[in-house]
Amino acid sequence: MSHPNPHIDKVSILGTESICLGFHIFDYLVRDTLSNFKASTYVIVTDNNLQKLYLERFNSSFDKISRELAAASGASAPALPRLLTYVIPPGETSKSRAVKAEIEDYFLAQGCTRDTLVFAMGGGVIGDLVGFVAATFMRGIPFVQIPTTLLAMVDSSIGGKTAIDTPEAKNSIGAFWQPKRIFIDLAVLETLPEREFVNGMAEVVKTAAIWNESDFVLLENGAEAIRDAVLKPVRDVEFQGATLESRTSAQQLLLKVVMASVAVKSYVVTHDERETGMRGLLNFGHSIGHAIEGLVTPKLLHGECVAIGMIKEAEIARYCGYLSQVAVGRLTRCIQAYGLPVTMEDRLVKNHIGSQYCSVDELMRILRVDKKNMGSQKRIVMLSGIGKTLEQKPSNISDDIIRKVLAASTIVLPRPINVAPVTLSPPGSKSISNRALVLAALGRGPCRLTGLLHSDDTQVMLTALTKLGAATFEWENNGDTLLVNGNGGKMHIPDSELYLGNAGTAARFLTTVSVLVPPSSVPGRKTILTGNARMKQRPIAPLIDALTTNGSELKYLESQGCLPLEVTPFSHGLAGGEIQLAASISSQYVSSILLCAPYATKEPVTLVLTGGQVISQPYIDMTIAMMKSFGVSVEVLPNNTYRIPQGPYTNPAEYLVEADASSATYPLAIAAITGTTCTVPNIGSASLQGDAGFAVNVLRPMGCTVVQTETSTTVTGPAIGTLKALPHIDMETMTDAFLTASVLAAVTLPATPGGDNVTKISGIANQRVKECNRIAAMMHELGKFGVTTSEFDDGIIIHGHDIASLTPPKDGVKCYDDHRVAMSFSVLATIVPGGTIIREKKCVEKTWPTWWDDLEGKLGGRTSDIDLGPPSEHHDYEVSSSSLTSNGKRGNGRAVKGDTTIVVIGMRGAGKTSMGRFAAKALKRPFEDVDHYFERKLATTIPNYIQEHGWPSFREQEAKILTELLEQYPTGHVISCGGGIVETATSRDAFKKYTAKGGVVLHLVRSIDEIETYLNKDETRPMYGESMRDVWSRREQWYRECCNYEFVVAGQQLKGIEAEDAKEWALVESNFERFLKVVTNAGDQGQQRGIQAQVVAKPSFFLSLTFPDVSPALPHLSKLTLGSDVIELRVDLLKVRENDNISFRSHVAQQVSLLRRHSSLPILFTVRSVSQGGQWPDKDVEGMVSLLKDGLEWGVEYLDVEIVLPRSEIDEVLARRGNTKIVASWHDCKSEVAWSSDAMEAQYSLAKSISPDVIKLIGTAKSMRDNFECADFAASHSANTEDLPLIVMNMGAQGQLSRVLNNYLTPVTHPLLPIKAAPGQLSAREILTARHIAGLLPAKQFYLFGSPISQSLSPLMHNTSFQSLGLPYKYSLHETTAVDDSVVAKMRQSDFGGASVTIPHKIEIISKLDVITEEAKAIGAVNTVVPVKDEQDKTVLIGDNTDWLGIYYQVERNLDATTSRASRQQMKGLVVGAGGTSRAALYALYRLGVQEISIYNRTMVKAQAVADSFQGLFEVNVVGAGALVKSGSSESEFDVIVSTVPGTIDSSSMFDETVFGSSARKGVAVELAYTPRVTRFLKLAKQAGWATVEGGQVLVEQGGWQAEKWVGRRWDLASVQAQMDAAQAGRQ
Ligand SMILES: NC(=O)c1ccc[n+]([C@@H]2O[C@H](COP(=O)([O-])OP(=O)(O)OC[C@H]3O[C@@H](n4cnc5c(N)ncnc54)[C@H](O)[C@@H]3O)[C@@H](O)[C@H]2O)c1
């Protein structure tokens, strides 16, 4: 057949119709070019792939047409134009300078002049490269694009952007150069690999999504045809599609969508050629897409990344309230329909990138340099609907929002109290939606469904029904209504398998539906139903058994009893007659048969349910009721028998889908648990759904007020913490709601006073075979919070727990890919202190895709983002009923799990009970004492028991009780034991087993002298008649065997003077608290409780203590350690004093305890061997290892492990590392190894192989050069191990420079120390001075902005501290009455180090800063400016607020000692005054967790305004003067009162002493004014016995935080305070 004249469609760009589209258009394109763009030379540049496929065709067209044209020209000897061909390798690497030069050289060699035209035939690579060559060759020659990939057709060939890549960046060098023509031959797509085609579809979908809904609808509905046009092309005739006559409808559709896309791009380019505005819209999906691409190129293609980017960006728009979920759902499904991924978890993505993980931080890092950004402001295209964008350009989006959407997990924070009543419509019922879809599809005629759930489940159902040809579907009203045109039960075998993901309902319903499908005209074709891995484990056997017995043929293709299934079609479809079905596992089997039964061919179905109990009867009733709405009445007979008449369904014109009752339980439960009100307007008493009974049958008995109409439900919860346990509730009719009930049951009080605080839920056995074993999942996850649960055949038992002591799991709640687990735990999280991480947050999409948005936007909750890293690093736990006993193991010696129960053992009188109680309080855990438990349980006293039954029986019982307690409370408790418990082998075994499982057994050690003194005072305890010393010498070994941690109490005699001893105990307690932080790994939670375990200062230092006994140095310790971040205890240098009668181990233990007592710095525990430069004998490996293990037992923060030790010994130490950080060290004392040698490399690898937290490699310098080599080593090894800090330096005088250059934890000495720990060691001050001189530590200027400020104490405070730290910094006043240019100039100076901002500029300054912290935003004021450098080394000014921190920490310090209220959640706080500082005070109270916060001000409106400003974050009551004066009542209303009234104002008329009450319960009074030092307010408070905090103390505290933010290091609070006090005294 001769080549037909192709039909060409044209699109105009930049005013000319230069884009030509068609099928098989080579002849056309050559003729068009040769006729319109005459040249003497034509060059075609293409790649090897296309050379093979199309070059010959092009050449022959060229040859033929050029001759034809020459002949037609009429010239006598027409010169034929020359055609040159140049072929390059395919792929992105060809888009380089080198290849561009090659092409240019070739052109030059061939004598090409300006009279040359270039054809670029290929994908985007060819187009970009060749276009750029054309742009610059001879200052620009004409070129023509022949794009051959879909991406090139719709995107890269249009618009004139040409470029090449450099190693630094893609497309970094290029030009705008418009092609003369763009010839799009869609027929060439047929040879394009499928993945490349699909890749291009991402751009097509993108363009429709931003521009035109009707184009989008074409794509939505035409996915199969469009894919077929390219991937399964029809070839009935040669050149199919060239002419309109030969064009298939699929080709027509393909052309239509490609042309639509081309037209949009052309329009945009025409109106914004140089990308200054509108063209930015084409970047929809590209901001995040590019960020992903930056991390996964070349494993994922551009379009695949953009596809994921589009969904993420649409989710951002949804979060911001610009875009509906319907639109997000449509976009998601459309993208998926073309085979593109929508999340990073997608199978397709995983196949290509494997386990590679793209962290939120990395994505944000790339997003930061997106070219659309304006400065640091990210700009992203926001959809506002399908085919619409919010603006005609990308919109400004804050980092917080992007992070939130990108993060795979979320932190749900406690909901602010007193949220006003809310109304919320949950998504439509999945059960009703799925049933309605099947009914309307099987029914005849149109039916409009409204309120339908938009979820993966319903989408799976829609897609499957479409593939079966059961109906056609069309969205109306922007997706609110679905128009179903049912085919009355007519269906065909689908072309491909029905992939049902994990959609259980769809799998069950569609199994029977596919039995109805008649045989195809093609013999042997069958319907195949399959799903994801989880689906392939879900049972379906009872349904298959019933259907096969009825004459259908269904075969399991993999495991017996599960999908995938192959269904053989029979012309009789479902035969009918009696069908027996076992219905005790799932009612969905019953519904599946009921729904299809009317289509039985032979006789009507009689369905008999067998197997005793029928599960979920309400769902069966729901199916029957809905069938009735579609015109089929089921006859319900006795004995679980149903008769279903034959005949098709008649579709009602409209059907309204009710809200999902299970979903409705979550907002209602939030009202219940937080003591607020919520209304769900689309479900009520008339609902057919079983779970609709939740409000009345569960919430009401738990103490909620429930008001229900037929169609709505309103729940009001009782006060927080007062829900009542339900002794027994049968939830058989609402099984899915048991998860919601379980989280409520976790925080109940007993149903009756003194009764058991236990909720028992039965009737839920089926929940073991849902998305996961839900009973096991709930037990395990609740256990992580410290809640005790157990299970029985038919359900779960939950013990109510005190809210204040719930501990959110450190590694978060695992959701097992189960939406209900995620949503129910987010209910619990609304009241759990501190914030709960919910992992795999995406799983809610199954039924409530907007849950997290709604939780925050509509339910008043608060969330934050968190990236937990790749799933492989999560502590995963697979739920199966058998693995329930597994509790976090200590595994490879890594961290002890933070929530594991701590058991305290030790001698009688060592303080187990009081320290145990203290630990429980500090960790917010319940406390249990084995002795008390014993007495409670056996209803006797211990002395009585011993008298009656003797010691052996007592010990036996004691061991039993211990085992029982350890089993009952494996997590979240503190248990203290009797002293003699280690006497029995059974108990010792129990302890050992417990520590082997990762439990903590803590041995509390106190000197025997102290114990004896103490015990002599107590007569109530049983005595042995044996001396304490004898007892100790017998037991000491046992204690050590049983424990894995040891804490030495004090080391200083108690004096017997109550007040002084109390102080002493307070010190012991604070040391103990620090120790507990190491044990429970609470340190890294940082700021929240003021703990700083991470070293943040740069450079950082550790001080090597070289004393044989640290005692004499203790008084000077704060001076010695100033400027250091860690203290090293050189154990090898310690010596027991001659006349001290204690073991070396006890001496070391005491030294640790003394150091801890006198300094808050972390301890580095080092035993340095002789060959490594210390004094510990090299031969005594055993002694060293035993000491290292002791160090771990004492909970030191850092442990030095010499890598020269035998590996087996190292492993033995590491197996106990717990949460202590390991420093792997090696010292080349003899200077044998050069930094640049392989030998040094080998030491580094060896150090790394023990998985340390820090590596320390020390050389010895012989020359200055060695220092530079050392620095090079550091630079080359820290680049790729960002998280593994490196200490590298040289010893010796020659090596001092390397000490100056080392950045992290440089060992330092101090002039006051007896010896230097190593030759060449410098002090921190010397290093800083040297760094300053070397230009590594430039001087910085700090300022105070404000007016009037001449009296300010801040310069004194900050300069004192800078000086003491050895920093070359200066703090000075900048008095100004306005935040004017002078302020900005100071802040933009290159040596600007930071500023304090005071009245009156705290608000005005905000407009001059780049970023404001959350805290400063909440308070509405900035008092601290911190300059930081961004990636591009630009200074970013951060506005922060430390005023609140000053108040927070001062209150925190005083609170525990003074208030007797049980928990923060019950505390009340008052702020007096409504000026600027009152806001910081209110915020501090909020962060302290104070439950009820009030404000008083003489002018009430002002107070109201302050209160209002926190709306949405927390509630503030405005109180009148009456609330402050208490007549008659002796108890103060408040636990914390903060006065913010300026000292100069007379406050006598505001309140009197009665506000402090006179009862035993005392609170904390904080004064913010600092002149006079003791105000009237403080005087009254002091008189009333309250703890008081002076304004000066708050000032110093907040100043300390300010300094910390500027220089990364805290100052010595006490010495600064002393200086300040002196200065203040001088002034007064
Ligand atoms: N200039 C722009 O505005 C713009 C826009 C988007 C993308 N780009 C650039 O486009 C490039 C990517 O383009 P691409 O996706 O087309 O990749 P590509 O050019 O690398 O082509 C993909 C692969 O498909 C092969 N191929 C092309 N057509 C074929 C056909 N018809 N049959 C069989 N094989 C065929 C190619 O040989 C190549 O191996 C990137 O460099 C990107 O930066 C430019």
Side-chain angles (χ1 to χ4, degrees), residues 13 23-26 45-55 57-58 87-96 99-100 120-132 134-135 143 145-166 169-179 182-204 206-207 230-231 233 258 261-262 265-266 268-269 272-275 279-280 282-286 289-290 293-294 297-298 300-307 371:
I13 180 164
F23 290 82
H24 306 284
I25 64 170
F26 275 72
V45 183
T46 191
D47 72 22
N48 296 120
N49 291 339
L50 293 150
Q51 174 194 25
K52 289 178 212 134
L53 290 163
Y54 299 111
L55 193 60
R57 192 181 312 169
F58 179 88
V87 180
I88 62 164
E92 189 71 30
T93 44
S94 286
K95 242 176 89 172
S96 64
V99 178
K100 179 173 183 257
M121 180 167 77
V125 165
I126 290 282
D128 278 14
L129 169 70
V130 177
F132 190 33
F143 89 114
Q145 291 268 25
I146 311 175
T148 60
T149 63
L150 181 57
L151 177 109
M153 291 175 183
V154 298
D155 192 6
S156 63
S157 69
I158 306 167
K161 280 211 252 170
T162 72
I164 53 169
D165 305 333
T166 62
K170 260 195 81 160
N171 297 328
S172 45
I173 300 182
F176 279 95
W177 190 242
Q178 295 295 342
I182 301 163
F183 293 107
I184 299 178
D185 186 342
L186 292 161
V188 304
L189 291 180
E190 292 174 14
T191 56
L192 191 64
E194 174 172 349
R195 192 168 168 214
E196 293 289 347
F197 163 65
V198 170
N199 177 49
M201 281 310 300
E203 298 293 341
V204 178
K206 171 209 76 181
T207 308
V230 174
L231 304 173
V258 169
S261 218
V262 165
K265 175 124 197 211
S266 305
V268 172
V269 167
D272 180 16
E273 187 182 355
R274 297 287 163 128
E275 195 164 344
R279 199 162 169 177
L282 294 172
N283 283 313
F284 171 55
H286 282 61
H290 271 153
E293 204 178 352
T297 302
L300 283 193
L301 301 179
H302 172 75
E304 292 162 349
C305 299
V306 168
K371 57 180 187 283

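Both ligands and their constituent atoms are indexed starting at 1 by order of listing. This one's a predicted model, so the numbers in the text were calculated from it and none came from an experiment. Positions are given from 1 along the sequence.
By the ring pair (Phe, Tyr, Trp, His ring centres under 6.0 Å) test, Phe197 is found to be paired with no residue, residues two or more places apart in sequence or in another chain being considered.
Of all protein heavy atoms, the one closest to atom 35 (C) of ligand 1 is Leu192 CD1, 3.5 Å. In terms of protein heavy-atom proximity, atom 20 (O) of ligand 1 is nearest to Val125 CG2, 3.3 Å. At the shortest separation from atom 34 (N) of ligand 1 among protein heavy atoms lies Pro193 CD, 3.8 Å. For atom 6 (C) of ligand 1, the closest heavy atom belonging to the protein is Asp155 OD2, 3.4 Å. When only non-hydrogen protein atoms are considered, atom 28 (N) of ligand 1 lies nearest to Thr148 OG1, 2.7 Å. If you check which protein heavy atom lies closest to atom 15 (O) of ligand 1, you get Leu151 CD2, 3.3 Å. Closest protein heavy atom to atom 17 (O) of ligand 1: Gly124 N, 4.1 Å. At the top of the distance list for atom 2 (C) of ligand 1, counting protein heavy atoms only, stands Ser156 CA, 3.5 Å.
Close approach to Asp128 involves these atoms of ligand 1, each under 4.0 Å from a residue heavy atom: 1 (N), 2 (C), 8 (N), 9 (C), 43 (O), 44 (C). Near Glu196, meaning under 4.0 Å from one of its heavy atoms, ligand 1 places the atoms 22 (C), 23 (C). Close approach of ligand 1 to Pro90 is summarised as follows: ligand atoms under 4.0 Å from at least one heavy atom of the residue are 37 (O), 39 (O). Numbered from 1 in the order shown, with element, the atoms of ligand 1 that lie under 4.0 Å from a heavy atom of Leu53 read 32 (N), 33 (C). Against a heavy-atom cut-off of under 4.0 Å, Lys161 is close to the following atoms of ligand 1: 1 (N), 3 (O). Taking every heavy atom of Thr191 and a limit of under 4.0 angstrom, the matching atoms of ligand 1 come to 30 (C), 31 (N), 32 (N), 33 (C). Heavy-atom contacts of Asp47 reach the following atoms of ligand 1: 36 (C), 37 (O) (cutoff under 4.0 Å). Which parts of ligand 1 touch Lys170 is read off a 4.0 Å heavy-atom cut-off, strictly below it: atoms 40 (C), 41 (O), 42 (C), 43 (O).
Of the N or O atoms in Ala152, none lie within a sub-3.5 Å distance of an N or O in ligand 1. In terms of polar-atom proximity, Thr149 is counted as a contact of ligand 1, with an N or O under 3.5 Å from an N or O of the ligand. Note: an N/O pair closer than 3.5 Å links Asn49 and ligand 1 by distance alone. For ligand 1, the polar-atom distance check against Ile158 finds no nitrogen or oxygen pair separated by under 3.5 Å. The shortest N or O to N or O distance between Glu92 and ligand 1 is below 3.5 Å. Polar contact with ligand 1: absent for Leu50 (N/O pair, distance under 3.5 Å).
For the atom pair Leu151 CG and Ser156 OG, the distance stands at 5.0 Å (nearest 0.5 Å). The structure places CG of Asn171 at 9.5 Å from CD1 of Ile164, a figure rounded to the nearest 0.5 Å. The structure places CD1 of Ile126 at 11.0 Å from NZ of Lys95, a figure rounded to the nearest 0.5 Å.
The proximity of Asp165 to ligand 1, defined as any non-hydrogen pair under 4.0 Å, does not occur for either the backbone or the side chain. If you look at Leu189 next to ligand 1, there are no close heavy atoms at all, none under 4.0 Å. Residue Asn171 touches ligand 1 through its side chain alone, judged by heavy-atom distances below 4.0 Å. With a 4.0 Å cut-off on non-hydrogen atoms, Lys95 touches ligand 1 through its side chain and not its backbone.
Using modelled atom types and a 3.5 Å distance limit, the side chains of Thr46 and Tyr54 yield no donor-acceptor pair.
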Side chain to side chain contact (heavy atoms under 4.5 Å, CB included) between Phe183 and Gln145, worked out: CA-CA 6 Å; Phe183 293 107; Gln145 291 268 25; over 6 Å; no
Side chain to side chain contact (heavy atoms under 4.5 Å, CB included) between Glu196 and Leu301, intermediate numbers included: CA-CA 8 Å; Glu196 293 289 347; Leu301 301 179; 4.2 Å; yes
Candidate pair Val198 and Glu304, rule side chain to side chain contact (heavy atoms under 4.5 Å, CB included), full reasoning: CA-CA 8 Å; Val198 170; Glu304 292 162 349; 5.8 Å; no
Residue pair His286, Glu293: steps toward the side chain to side chain contact (heavy atoms under 4.5 Å, CB included) verdict: CA-CA 9 Å; His286 282 61; Glu293 204 178 352; over 6 Å; no
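Remark: the backbone N or O of Ile158 is paired with a side-chain donor or acceptor of Lys265 at under 3.5 angstrom. Side-chain atoms of Thr191 come within 3.5 Å of backbone N or O of Val188 as a donor-acceptor pair.
Closest approach of Asp185 and His24 over heavy atoms only: OD1-N, 2.8 Å. In terms of heavy atoms, Ala163 sits closest to Phe132 at N-CB, 4.1 Å. For the pair Val306 and Glu203, the tightest heavy-atom approach, listed with the atom from each and the gap, is CG2-OE2, 4.3 Å.
Residues Val204 and Met153 have side chains not in contact (no heavy-atom distance under 4.5 Å, counting atoms from C-beta outward).
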